[in-house]
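Numbers for residues simply follow the sequence, beginning at 1.
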Amino acid sequence: MFTRSIIRLPITLSRGFATHTGPLSALPAVLHLKTDTESMTDPSYRGQILVFTTPLIGNYGIPSNKAPINSQDVGMVLESQGIQCSAIVVADVAEKFSHHSAVESLASWCRRSDIPAITGVDTRAVTRLLRDQGTTLGRLAIGADASAPAPASEQYWDPSIENLVDQVSTKCSYQLNPNGDIKIAVLDFGVKANILRSLVRRNAAVTVLPWNYDFNSIRDKFDGLFLTNGPGNPSQCMEAVSKLRKTLREWNKPIFGICMGHQIIGMAAGLEAYRMTFGNRGHNQPVLALASAGSIKAGRVYVTSQNHQYALTLSDPFPKGWEPFFINCNDSSVEGIKSTPESGKRVWGVQFHPESAGGPLDTIEVCYY
């Protein structure tokens with residue numbers, strides 16, 4: 001059933017369990033527990049090779065990705081309509097799965113989606129290498145390819161030089177729960193389904209817009225603006241930054257951003273974004289609250305779910321009318337910003353995923369303070 005092979009990184013006995021070709025792409029480590037389906041369908045992982053450190057992957061199978069579209073759901077079970085990553089690397093894949101909602105195995109899903117996958121790899125050793133040199137461009141190699149010379153550096157595809165947001169964002173606007181009590185516009189930079197699900201379950205009427213849509217032309221129809229997560233380099237989205245800068249200047253209703261959306265808000269406010277050496281990924285990233293808002297209390301540490309390669313600079317002084325909201329307890333990177341009370345605005349953003357899926361829900365109320 002499986003092709004046995006040797007993988008270069010690290011050199012260990014391994015086997016391909018889906019397709020037999022591998023992309024030349026970015027290689028981050030993903031320290032996740034039982035969330036392979038959510039991670040693989042998260043648009044923020046577009047163009048990346050995911051390395052799962054959980055010892056066993058696929059034991060609960062893959063569910064059907066169909067759900068109703070109503071006041072409780074958004075038409076899908078997973079985080080998007082299909083697999084977004086370029087390939088996956090796992091230590092041990094479960095050949096048999098067991099879960100009441102499963103309809104196929106991980107191997108079958110990858111094969112059907114034409115996503116390369118390899119198992120039998122010491123993924124924790126790969127993680128240690130990535131922790132030494134940061135997120136790395138890499139490729140999967142099995143069979144004869146594993147013993148062939150490595151490709152030249154210029155042959156590797158670097159996702160950061162492309163506008164990945166444009167690849168995953170909706171191409172046309174659409175509505176969810178149109179009869180909801182509050183009207184929220186969502187700028188889609190690569191939105192996870194659970195963000196939309198969280199909004200409609202709080203009875204919001206949601207209008208999802210393309211990432212570069214001119215929200216200013218329709219802003220008076222809405223009670224708030226939500227900027228979503230998304231993949232890649234935020235500097236590829238300067239069109240959105242420019243339009244948001246006008247919104248921040250002229251509009252006084254709530255604006256909130258997650259992940260990429262947080263970076264877009266920060267850049268529109270006058271901060272700069274930079275590429276981190278390692279990035280922060282996983283479900284156990286601690287952040288320190290520097291300000292109080294709603295259920296968030298200054299001085300408390302919260303456990304968060306994260307997936308980002310870029311961050312905002314922690315400048316001193318901060319732009320007028322803005323203050324840092326959260327910082328990462330491990331590397332002191334900016335994990336959130338907010339408008340100051342004196343500014344008269346209600347704008348805030350966080351680098352982490354308060355709505356999770358999967359991960360902790362310690363900061364879920366930060367979306368709605």
Exercise for review: May I ask whether Val347 and Trp251 are part of the same hydrophobic cluster, defined by side-chain heavy atoms of I, L, V, M, F, W, Y residues being less than 4.5 angstrom apart, directly or through others?
Suggested key: yes
Practice item. Answer yes or no: does atom CD of Glu272 have more than 12 heavy-atom neighbours from other residues, nucleotides or ligands under 6.0 Å? Key: no
Review point. Just by modelled atom types, is the Ile255 backbone N or O under 3.5 Å from a matching donor or acceptor in the Lys345 side chain?
Key: no
Exercise for review: Establish, from distance only, whether the side-chain atoms of Asn194 and Glu79 form a donor-acceptor pair under 3.5 Å.
Suggested key: no
Exercise for review: Would you mind reporting whether Leu196 and Val191 have side-chain heavy atoms less than 4.5 Å apart?
Suggested key: yes
Review point. Is a side-chain donor or acceptor of Gln133 paired with a backbone partner of Leu130 at a separation under 3.5 angstrom?
Key: no
Practice item. Quick one: pull up CG in Asp188 and OG1 in Thr228 and give me the separation to the nearest 0.5 Å. Key: 5.0 Å
Check your understanding: Within a strict 4.5 Å, meaning less than it, do heavy atoms of the Leu50 and Ser39 side chains meet?
Key -> yes
Exercise for review: Check whether any side-chain heavy atom of Asn307 sits under 4.5 Å from a side-chain heavy atom of Asp42, and report yes or no.
Suggested key: yes
Practice item. Please report the closest heavy-atom contact between Ala117 and Leu140, naming both atoms and the distance. Key: N-CD1, 4.3 Å
Review point. When you check the gap from the basic side-chain N to the acidic O, do Glu250 and Arg219 get nearer than 4.0 Å?
Key: yes
Study note, to complete from the structure: Interatomic distance, CD@Glu323 vs CZ@Phe318, rounded to 0.5 Å, equals 9.0 Å
Check your understanding: Can a salt bridge be assigned to the pair Lys192 and Glu38 using a cut-off of 4.0 Å between side-chain N and carboxylate O?
Key -> no
Exercise for review: Quick one: closest heavy-atom pair of Leu56 and Val93, and the distance?
Suggested key: CD1-C, 4.3 Å
Exercise for review: Verify ring pair (Phe, Tyr, Trp, His ring centres under 6.0 Å) between Phe352 and Tyr302, making sure each step is shown before the conclusion.
Suggested key: CA-CA 11 Å; Phe352 49 86; Tyr302 297 87; 8.4 Å; no
Revision key, fill the gap. Output for pair (Lys183 NZ, Asn177 CG), nearest 0.5 Å, gives 10.0 Å
Check your understanding: If every non-hydrogen atom of Pro55 is compared with every non-hydrogen atom of Ala91, which pair is closest and at what distance?
Key -> O-CB, 3.7 Å
Practice item. Give a yes or no answer on whether the side chain of Ser80 reaches the backbone of Thr41 with a donor-acceptor pair at less than 3.5 Å. Key: yes
Practice item. Please report the closest heavy-atom contact between Pro231 and Met260, naming both atoms and the distance. Key: O-CE, 3.3 Å
Practice item. Please assess Arg346 against Lys253 for the test side-chain contact (heavy atoms from CB on, under 4.5 Å), listing each intermediate value before the final yes or no. Key: CA-CA 7 Å; Arg346 290 193 64 190; Lys253 294 182 179 179; over 6 Å; no
Point to revise | Pair Ser44, Asn229: side-chain N/O donor-acceptor within cut-off below 3.5 Å | key: yes
Review point. With distance as the sole test, does Ser105 use its side chain to make a donor-acceptor pair with the main-chain N or O of Ser108 at under 3.5 Å?
Key: yes
**Study point:** Distance in Å, Leu164 CG paired with Ser169 OG, rounded so as to fall on 0.5 Å steps
**Key:** 12.5 Å
Exercise for review: Check whether any side-chain N or O of Arg124 sits under 3.5 Å from a backbone N or O of Thr53 as a donor-acceptor pair, and report yes or no.
Suggested key: yes
Check your understanding: Do Arg139 and Tyr156 meet the cation-pi criteria used here (NZ or CZ under 6.0 Å from the six-membered ring centre, within 45° of the axis)?
Key -> no
Practice item. Report, as yes or no, whether the 6.0 Å neighbourhood of atom CZ on Arg201 holds more than 12 heavy atoms from other residues, nucleotides or ligands. Key: yes
Exercise for review: Would you confirm whether Arg46, through its side chain, and Gly230, through its main-chain N or O, come within 3.5 Å as a donor-acceptor pair?
Suggested key: no
Review point. Can you find a pair of side-chain heavy atoms, one from Val287 and one from Val301, that are under 4.5 Å apart?
Key: no
Exercise for review: Indicate if Leu248 and Tyr213 have the same hydrophobic cluster label, given that clusters are the connected sets of ILVMFWY residues with side-chain heavy-atom separations under 4.5 angstrom.
Suggested key: yes
Practice item. Would you indicate whether the side-chain heavy atoms of Asp36 and Tyr60 approach each other to under 4.5 Å? Key: yes
Point to revise | Test item: Lys243 side-chain N/O and Asn212 main-chain N/O as donor-acceptor pair under 3.5 Å | key: yes
Review point. Between Trp211 and Glu239, does any side-chain donor sit less than 3.5 Å from a side-chain acceptor?
Key: no
Check your understanding: Can you find a pair of side-chain heavy atoms, one from Pro319 and one from Leu271, that are under 4.5 Å apart?
Key -> yes
Check your understanding: Is Val126 linked to Leu129 within one hydrophobic cluster, defined over Ile, Leu, Val, Met, Phe, Trp and Tyr using a side-chain heavy-atom separation of less than 4.5 Å?
Key -> yes
Check your understanding: Can you tell me if Ser305 and His353 form a side-chain donor-acceptor pair at under 3.5 Å?
Key -> no
Exercise for review: Report the distance from atom CD1 of Ile264 to atom SG of Cys237, rounding to the nearest 0.5 Å.
Suggested key: 4.5 Å
Review point. Taking Phe226 as the fixed residue, which of Phe189, Phe215, Phe256 is the one that meets the ring pair (Phe, Tyr, Trp, His ring centres under 6.0 Å) rule?
Key: Phe256
Review point. Among side-chain atoms of Gln309 and Arg281, is any donor-acceptor pair under 3.5 angstrom?
Key: yes
Check your understanding: Between Val206 and Val186, what is the shortest heavy-atom contact and its length?
Key -> CG1-CG2, 3.6 Å
Review point. Looking just at side-chain N and O atoms, do Gln285 and Glu335 make a donor-acceptor pair shorter than 3.5 Å?
Key: no
Review point. Ignoring hydrogens and geometry, is there a side-chain-to-backbone donor-acceptor pair from Asn280 to His308 under 3.5 Å?
Key: no
Exercise for review: Report the C-alpha distance between Ile88 and Cys85 in whole Å, list the side-chain angles of each, state the deciding distance to 0.1 Å, and finish with yes or no for side-chain contact (heavy atoms from CB on, under 4.5 Å).
Suggested key: CA-CA 8 Å; Ile88 64 170; Cys85 61; 3.8 Å; yes
Exercise for review: Please indicate whether Lys96 has more than 12 foreign heavy atoms, meaning atoms of other residues, nucleotides or ligands, lying under 6.0 Å from its NZ.
Suggested key: no
Check your understanding: Just by distance, with hydrogens left out, do Asn216 and Thr247 show a side-chain donor and acceptor under 3.5 Å apart?
Key -> yes
Practice item. With rounding to the nearest 0.5 Å, note down the distance linking CD1 in Ile296 to CG in Leu290. Key: 12.0 Å
Check your understanding: Can you check whether Met238's main-chain N or O pairs, donor with acceptor, with Ser242's side chain at less than 3.5 Å?
Key -> no
Point to revise | Leu106 side chain near Met40 side chain, heavy-atom distance below 4.5 Å | key: yes
Check your understanding: Would you say the side chain of Leu288 lies within less than 4.5 Å of the side chain of Phe326, judging by non-hydrogen atoms?
Key -> no
**Study point:** Same apolar cluster: Tyr274 and Ile327, side chain cutoff 4.5 Å
**Key:** no
Practice item. Check Pro354 against Ile258 and note the closest heavy-atom contact, atom names and distance. Key: CD-CD1, 3.8 Å
Check your understanding: Side chains of Gln351 and Gln263: do they bring a donor and an acceptor to under 3.5 Å?
Key -> yes
Review point. Are Ile195 and Ile182 connected, step by step, through hydrophobic side chains (Ile, Leu, Val, Met, Phe, Trp, Tyr) whose heavy atoms are closer than 4.5 Å?
Key: yes
